[in-house]
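Since the structure comes first, as structure tokens, the remarks are kept for the end.
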There are 2 protein chains.
Amino acid sequence: MLKPKEANSLESRIQSHYAELPPAERRLADLLLGFPGDIATYSASELAEMAGTSNAAATRFFRRLGYKDFSEARRMVRGARSWGSPVYLSAPEDRVRQNSKTVAAHIARETNNVSRTLEALRPDILREAADALIAAKRVFVAGFRNSSVLALYLYRQLSIIRDGVVLVPSVGQTLGEDLAGLNGDDVVVVLGFRRRVAMVETLISVAKRRGAKVLLVADSSATAMPKKPDWSLLCEVRSESPFDSYTAAMSVLNLLCAATFRAGMPTSFERLRDVEALHDELEELDTVNWIASVGMGETDAEDAS
Amino acid sequence: MLKPKEANSLESRIQSHYAELPPAERRLADLLLGFPGDIATYSASELAEMAGTSNAAATRFFRRLGYKDFSEARRMVRGARSWGSPVYLSAPEDRVRQNSKTVAAHIARETNNVSRTLEALRPDILREAADALIAAKRVFVAGFRNSSVLALYLYRQLSIIRDGVVLVPSVGQTLGEDLAGLNGDDVVVVLGFRRRVAMVETLISVAKRRGAKVLLVADSSATAMPKKPDWSLLCEVRSESPFDSYTAAMSVLNLLCAATFRAGMPTSFERLRDVEALHDELEELDTVNWIASVGMGETDAEDAS
DNA sequence: GACACGCTGAAAAATGTTTTCCATTGTCGA
DNA sequence: TCGACAATGGAAAACATTTTTCAGCGTGTC
């Protein structure tokens with residue numbers, strides 16, 4: 001096993017030692033991995049307290065991670081941030097070098113996309129949309145091409161919160177069948193990201209004509225569309241690569257789900273438990289079938305590693 | 001000496017006292033105005049040294065600015081950061097207020113998740129994985145439950161870059177059929193996020209036994225799995241809400257696609273154009289059908305809610 | 001059960017940081 | 001030149017944090 005104990009980030013150190021961490025230190029690891037904010041601004045004792053353990057554990061933790069002491073860890077974390085990303089400069093090789101440049105650019109772009117998108121988002125619109133998603137009789141979630149991925153995500157999460165969520169277009173159905181009986185009690189969520197098909201506009205028109213409310217989640221090019229939805233949430237999708245990035249969109253959808261969940265609070269909570277339990281049962285069943293079909297049966301099954 | 005000003009930022013305090021600062025303290029002021037943000041991660045002595053003055057001066061400086069002592073200053077700077085969100089505080093209403101707090105917390109968490117995840121990611125692993133995705137005879141992309149959303153995304157993007165990409169499990173197929181003939185020339189990408197079904201491990205075992213390479217994209221809880229994939233890309237998924245956030249995962253996948261695209265450069269580029277053109281044609285056709293099936297033509301067709 | 005082992009937090013010891021005190025320096029006006 | 005004054009940094013004192021030590025605890029093994 002390789003221990004490239006050199007100049008790797010705190011995160012990667014935690015990950016590579018995660019398996020061998022005792023409980024108290026693992027709590028610290030979990031805390032740090034999920035920490036919103038700059039770790040370097042906290043003292044070891046504060047971190048220990050937040051993780052619900054003693055500061056002795058904190059000392060041992062950082063040492064086990066390969067730092068000389070806590071202050072070395074702090075220095076390195078601090079360094080990593082202001083440097084941009086010195087991630088893995090151990091290999092002075094050229095391709096690797098260039099590669100990590102690319103990664104650094106990606107980091108900058110993506111964090112920027114996310115924070116700009118979220119800061120531009122209007123909480124009042126979010127709230128209205130969330131309320132509407134709870135109040136609606138049915139919710140249709142529509143997305144074409146790449147947006148279908150996001151539609152699928154939103155559909156799955158909303159289905160946890162409430163009944164009557166429909167994914168559009170669904171397999172083996174025409175859009176007409178999918179939208180049967182659409183009316184003023186319904187809400188249509190349209191994921192309308194770049195490279196929109198004409199269908200997106202059509203869909204919005206039809207929905208509005210039938211009196212349904214429309215929530216559009218899209219990139220900023222959607223502002224040019226003639227048909228206006230009731231609410232829009234705009235997401236930055238530009239990327240360093242030729243592939244649009246739906247990172248910010250994902251974040252907005254997560255936030256939308258959270259807001260909707262909160263809006264439907266008394267009901268939602270129980271439902272969440274129900275659905276999770278149900279899923280667990282169903283997935284178990286599936287698992288058995290799959291194992292059978294792959295032919296796991298007899299194997300003692302060893303591989304090296 | 002009226003000082004009704006309380007919770008103003010470090011910057012504004014410096015500004016309003018700037019005129020009356022003695023030289024040594026002014027150097028400190030200049031230093032601090034110069035790098036916004038990270039101040040809380042430094043000790044007073046460090047700041048003093050950077051400003052080329054004594055730490056006695058630092059003490060006097062922070063006191064003159066109206067802080068009780070240095071640690072109060074540090075606390076406030078740190079607080080301002082996590083509180084920081086100029087987002088729409090126009091409405092002093094209560095619900096809106098609370099809502100925008102939530103949004104602020106979401107912003108902090110999400111940007112943090114993304115940058116941490118990307119910083120922890122090892123460029124060398126990314127590169128190897130990307131090369132393998134190009135070199136493989138076939139690429140299987142597998143994801144269950146929520147991970148199926150990400151699998152769909154990756155499948156779509158990889159399909160643009162190369163032939164022979166297979167989404168698993170596919171509708172109406174057993175996993176056994178999906179994986180028919182899996183062998184050492186193939187690569188399996190497993191999206192294995194939290195609430196993993198047992199199938200994930202099984203799949204990895206089977207793939208490795210057959211000699212295929214395995215790339216795992218998952219949250220950090222996957223480090224505890226006994227079966228080790230050839231490469232892992234770990235993503236932070238924790239969120240302020242009960243719903244896991246796949247924002248960082250999305251970003252990693254986008255990066256993976258970009259890297260893969262670059263790895264397959266000469267071929268990929270032409271293919272990208274082809275596929276886009278093809279898509280456009282197909283989608284156009286679809287659109288026509290859909291419009292027909294929804295019945296756009298004449299209807300004014302109204303019902304009241 | 002007895003032992004070895006590693007994990008744990010409390011508290012002592014070591015180390016580091018901030019504040020206070022004070023001697024020195026430079027400036028200004030008489 | 002002198003005295004008054006403010007600014008300054010060095011160093012000791014006061015304070016805070018980190019590290020080490022140590023005894024207790026639980027787990028697994030013989």
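Chain naming here is simple, since letters A, B, ... match the order of the sequence lines and numbering starts at 1 in each. Treat the numbers as computed from the prediction; the structure is a model and nothing was measured.
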**Asked** Is it true that the side chains of B:T117 and B:E236 contain a donor and an acceptor less than 3.5 Å apart?
**Response** no
**Message:** Strictly under 4.0 angstrom, non-hydrogen atoms only: write out the protein contact profile of nucleotides 17-24 of chain D, one letter per nucleotide from the 5' end, B, S or -.
**Reply:** SBBB----
**Complete:** Closest heavy-atom pair, B:V237 versus B:N113, reported as atoms and distance to 0.1 Å, is C-ND2, 4.3 Å
**Asked** Is there side-chain contact between A:L32 and A:I39, with heavy atoms separated by less than 4.5 Å?
**Response** yes
**Prompt:** How long is the line joining CZ of A:R26 and C1' of C:dC7, in whole Å?
**Reply:** 13 Å
**Asked** Under 3.5 Å, is there a donor-acceptor pair linking the side chains of A:Y18 and A:D30?
**Response** yes
**Request:** Could you tell me the separation between the CZ atom of B:F62 and the C1' atom of C:dT17, rounded to a whole number of Å?
**Result:** 13 Å
**Distance in angstrom units between B:L47 CG and C:dT17 C1', rounded** = 12 Å
**Asked** Hey, does B:R27 reach any base, or is it just sugar-phosphate, or nothing, if we go heavy atoms under 4.0 Å?
**Response** sugar-phosphate
**For atom CD of B:E72 and atom C1' of C:dT19, their distance in whole Å** = 15 Å
**Asked** Using a distance-only test with no angle check, is there a side-chain donor-acceptor pair under 3.5 angstrom linking B:Y246 and A:N254?
**Response** no
**Prompt:** Taking only side-chain nitrogens and oxygens of B:T53, does any of them come within less than 4.0 Å of OP1 or OP2 of D:dG9?
**Reply:** yes
**Request:** Let me know the distance between CG of B:L28 and C1' of C:dT18, rounded to the nearest Å.
**Result:** 14 Å
**Prompt:** Is the shortest distance from a Lys or Arg side-chain nitrogen in B:R196 or B:D219 to a carboxylate oxygen in the other one below 4.0 Å?
**Reply:** yes
**Message:** In this structure, how many angstroms lie between the C1' atom of D:dA7 and the CZ atom of B:F61, rounded?
**Reply:** 15 Å
